[in-house]
Amino acid sequence: MLSYRHAFHAGNHADVLKHMTLIALARHLNQKDKPWWYIDTHAGAGFYALDSGYATKLAEYEGGVGRLWDRTDAPPLVADYLSLVRHANPNGKLTRYPGSPWFIEQLLREQDRMRLFELHTTEVELLGRNFHHLGNRSIVTLGDGLAGLKACLPPPPRRALTLIDPSFENKRDYAAVVAALKDALGRFANGTYAVWYPQLSRLEARELPERLEKLPAKTWLHATLAVGRPGHDKGMYGSGMFIINPPWTLQNDLSSALPWLAKALSQDEGAGFTLEAQSA
């Protein structure tokens, strides 16, 4: 939705799960010299202030990355994520939070490229400014990333990581994501696709994982992280990451990260996690 601004939610528990997983996927792609593309269908502004503006309204980061900021006992996946967040805050204080494209930029090599889509006119202007220094290594496009994905696939290097994470404020987003992925797999079956989604009481949110599992993908991994009990009177109590064509090492890495995060970010006794996978 054009009214949606991710800055309201920057650094919350959902961002922790999403960005921790995204970093792990990018590092796996970097194990080979061959170039790869990062495609982000809903890139946002790319960087957010936590001590001013929208983020101060709800201060959701306090229940997410804020709880982890001073921890020194994090498992490897979480520690890697926190190291990059601290790199974004060189003064040692948590005042800024990076968006997904920034995390990827830190791991991007000279031969790799980013394609960033954003529908919000103000956000896309900020996004362009934040990544202008990359020149032709990063292309920022104003528009619907789910529609724009078609023109990106298959990517020239035949290697790509695609992040799909709309706000899901519009219930039509759920069906649109499934349709876009079905089309994407027809164009580029071997790509890695990471779908973030919110855990809500809304029927569409509860049904989405099952719909994703039915897509024509040989392998997938599904991780969820809940910080509290679900309830009709509550908003997002957790989130999930559904990864198509995940690296084989990711399930084992998440199996140590998720229990630690569920405990560290717990809001009540409903906190927990799930981790499922389908192999070829």
Side-chain angles (χ1 to χ4, degrees), residues 18-19 21-44 99-101 103-105 107-119 127 131 134 136-166 168 172-197 208-223 240-251 254 276-280:
K18 175 171 63 178
H19 292 143
T21 307
L22 192 66
I23 292 164
L25 293 171
R27 288 206 184 279
H28 177 77
L29 285 167
N30 278 350
Q31 289 179 9
K32 293 183 179 180
D33 292 335
K34 191 175 179 180
W36 56 276
W37 278 23
Y38 171 68
I39 305 167
D40 196 324
T41 62
H42 299 77
S100 302
F103 284 108
I104 293 296
E105 183 198 351
L107 306 176
L108 213 64
R109 304 163 304 176
E110 188 64 34
Q111 66 267 39
D112 306 323
R113 299 290 183 268
M114 295 200 299
R115 288 295 307 269
L116 310 177
F117 293 89
E118 175 54 44
L119 194 56
L127 183 67
F131 297 98
L134 291 177
N136 63 5
R137 295 172 62 207
S138 174
I139 297 176
V140 175
T141 301
L142 171 64
D144 178 2
L146 294 179
L149 186 56
K150 295 180 179 182
C152 297
L153 302 177
R158 294 300 194 274
R159 301 179 76 218
L161 167 58
T162 299
L163 175 64
I164 300 175
D165 65 333
F168 289 105
R172 288 175 293 184
D173 286 344
Y174 295 91
V177 165
V178 175
L181 270 171
K182 186 176 181 180
D183 179 83
L185 287 167
R187 296 171 185 271
F188 184 46
N190 296 327
T192 298
Y193 301 91
V195 181
W196 173 89
Y197 70 92
L208 181 61
E210 184 177 348
R211 297 182 68 184
L212 294 173
E213 289 175 10
K214 292 179 179 178
L215 287 168
K218 292 182 179 179
T219 63
W220 52 259
L221 186 150
H222 181 207
M241 286 290 285
F242 192 94
I243 301 116
I244 293 174
N245 297 326
W248 66 272
T249 54
L250 185 58
Q251 184 175 7
L254 285 172
E276 303 172 286
Q278 174 178 281
S279 301

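All residue numbers in this chain count up from 1 along the given sequence.
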Sequence neighbours left out, cut at 3.5 Å: what donor-acceptor pairs do the side chains of residues 140-147 make with other protein atoms?
from   : atom 1 : to     : atom 2 : distance (Å)
Asp144 : OD1    : Leu146 : N      : 3.0

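In this structure, Arg211 contributes its side chain and Val178 its backbone to no donor-acceptor pair below 3.5 Å. Using modelled atom types, no side-chain atom of Asp112 and backbone atom of Trp37 make a donor-acceptor pair closer than 3.5 Å. Panel note: side chain Arg159, backbone Pro156; no donor-acceptor pair is recorded below 3.5 Å. Judged by distance alone, with hydrogens and angles left aside, the side-chain atoms of Thr192 form no donor-acceptor pair with the main-chain N or O of Ile243 at under 3.5 Å. Distance alone, capped at 3.5 Å, places no donor-acceptor pair between the Arg115 side chain and the Tyr38 backbone. A donor-acceptor contact shorter than 3.5 Å links the side chain of Gln278 to the backbone of Ala217. No side-chain donor-acceptor contact under 3.5 Å links Arg27 to the backbone of Leu107.
We find the CG-CG distance between Leu153 and Leu149 to be 4.5 Å, quoted to the nearest 0.5 Å. Rounding to the nearest 0.5 Å gives a distance of 11.0 Å between CG of Leu29 and CG of Leu108. One finds the OH atom of Tyr197 at 15.5 Å from the CG atom of Asp173 (value rounded to the nearest 0.5 Å).
Taking 4.5 Å as the limit, some side-chain heavy atom of His19 sits within range of a side-chain heavy atom of Ser100. Looking at Phe131 and Glu105, their side chains come closer than 4.5 Å, going by heavy atoms from C-beta outward. Between Leu116 and Ile39 there is no side-chain heavy-atom pair separated by less than 4.5 Å. Using a 4.5 Å cut-off on side-chain heavy atoms (C-beta onward), Leu22 and Leu161 make contact. Looking at heavy atoms from C-beta onward, Trp36 lies out of side-chain contact with Gln111 at the 4.5 angstrom threshold. Inter-residue side-chain proximity for Thr219 and Ile244 is flagged as unmet; no heavy-atom pair is nearer than 4.5 Å. By the 4.5 Å heavy-atom criterion applied to side chains, Lys18 and Met241 are counted as neighbours.
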Going through the distances and angles, do Phe168 and Leu208 end up as a side chain to side chain contact (heavy atoms under 4.5 Å, CB included)? CA-CA 11 Å; Phe168 289 105; Leu208 181 61; 4.2 Å; yes
Asn30/Arg109 under side-chain hydrogen bond (donor to acceptor under 3.5 Å, both in side chains): CA gap, chis, key distance, verdict: CA-CA 8 Å; Asn30 278 350; Arg109 304 163 304 176; 3.1 Å; yes
Could you go through the side chain to side chain contact (heavy atoms under 4.5 Å, CB included) check for Ile104 and Leu163 one step at a time? CA-CA 11 Å; Ile104 293 296; Leu163 175 64; over 6 Å; no
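Not counting sequence neighbours, the partners of Arg187 by the salt bridge (charged side-chain N to carboxylate O under 4.0 Å, His left out) test are Asp183.
Taking each heavy atom of His42 and Pro166 in turn, the nearest pair found is NE2-CB, 3.5 Å. In this structure, Met114 and Pro101 approach most closely via the heavy-atom pair SD-O, 3.8 Å.
In this structure, Phe188 and Tyr193 have perpendicular ring planes: the angle between them is above 60°, well past the 30° mark.
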